[in-house]
Student: 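For reference, the structure I am asking about is given below.
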Amino acid sequence: LLITVKKARRSAIRPILLAHPEFFGNEDREDDEGEDDSDYYVLAMFLYFEKMQGKKSFWYPYLRAASSDPSLAEWTESQLDELQDLTLKNEAKAN
């Protein structure tokens with residue numbers, strides 16, 4: 001069970017994708033080959049749409065579990081080091 005560009009392009013958001021090829025790429029494209037930024041926009045739109053469906057969405061259990069948004073205060077020291085931003089790191093440690 002995977003969320004793919006192909007599935008997203010064939011979903012209920014298809015009319016939106018077709019109406020805005022400048023953002024979502026060629027309307028005839030339904031494969032997962034040749035990724036570009038439009039693929040990410042398609043997936044983002046799909047996830048947003050499904051999240052807005054709430055419990056009606058088939059993907060609700062997954063989206064609910066994946067929606068945890070840990071704050072910087074919960075990051076480990078090594079994760080904070082990866083930010084490579086001393087000011088942000090210090091602010092996160094202060095909270």
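Note that these values count all heavy atoms, side chains included, but never hydrogens, waters or copies made by symmetry. Since this is a predicted model, take the numbers as computed values, not measurements.
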Student: Taking salt bridge (charged side-chain N to carboxylate O under 4.0 Å, His left out) as the test, write out the residues that go with E77, two or more places apart.
Tutor: K89, K93
Student: Please report the C-alpha distance between F46 and V5 in whole Å, then the side-chain angles of each, then the deciding distance to 0.1 Å, and finally whether the side-chain contact (heavy atoms from CB on, under 4.5 Å) criterion is met.
Tutor: CA-CA 9 Å; F46 178 78; V5 173; over 6 Å; no
Student: Quick one: closest heavy-atom pair of L88 and D85, and the distance?
Tutor: N-OD1, 3.0 Å
Student: Mind checking whether W59 and Y62 have parallel, tilted or perpendicular rings, split at 30° and 60°?
Tutor: perpendicular
Student: Quick check: do F23 and S38 have side-chain heavy atoms less than 4.5 Å from each other?
Tutor: no
Student: Suppose we screen for side chain to side chain contact (heavy atoms under 4.5 Å, CB included). Which residues come up paired with Y60, at least two apart in sequence or across chains?
Tutor: K55, S57, R64
Student: Could you pull out all residues at least two apart from L47 that satisfy side chain to side chain contact (heavy atoms under 4.5 Å, CB included)?
Tutor: I3, L63
Student: What is the minimum heavy-atom distance between E50 and F58, and which atoms define it?
Tutor: OE1-N, 4.3 Å
Student: Minimum heavy-atom separation for A8 and L17, please, with both atom names.
Tutor: O-CD1, 4.0 Å
Student: More than 12 heavy atoms of other residues, nucleotides or ligands under 6.0 Å from CD of Q84: is that the case?
Tutor: no
Student: Measure the shortest side-chain to side-chain distance between R9 and D39 over non-hydrogen atoms and say whether it is less than 4.5 angstrom.
Tutor: yes
Student: With sequence neighbours left out, what residues match F49 under side chain to side chain contact (heavy atoms under 4.5 Å, CB included)?
Tutor: A12, I13, Q53
Student: Which Ile, Leu, Val, Met, Phe, Trp or Tyr residues join M52 in one cluster when any pair of side-chain heavy atoms under 4.5 Å counts as a link?
Tutor: Y48
Student: Rounded to the nearest 0.5 Å, what's the gap from NZ on K7 to CG on L1? Could you check?
Tutor: 5.5 Å
Student: Go through the structure and list residues passing side chain to side chain contact (heavy atoms under 4.5 Å, CB included) with T76, not counting sequence neighbours.
Tutor: S78, Q79
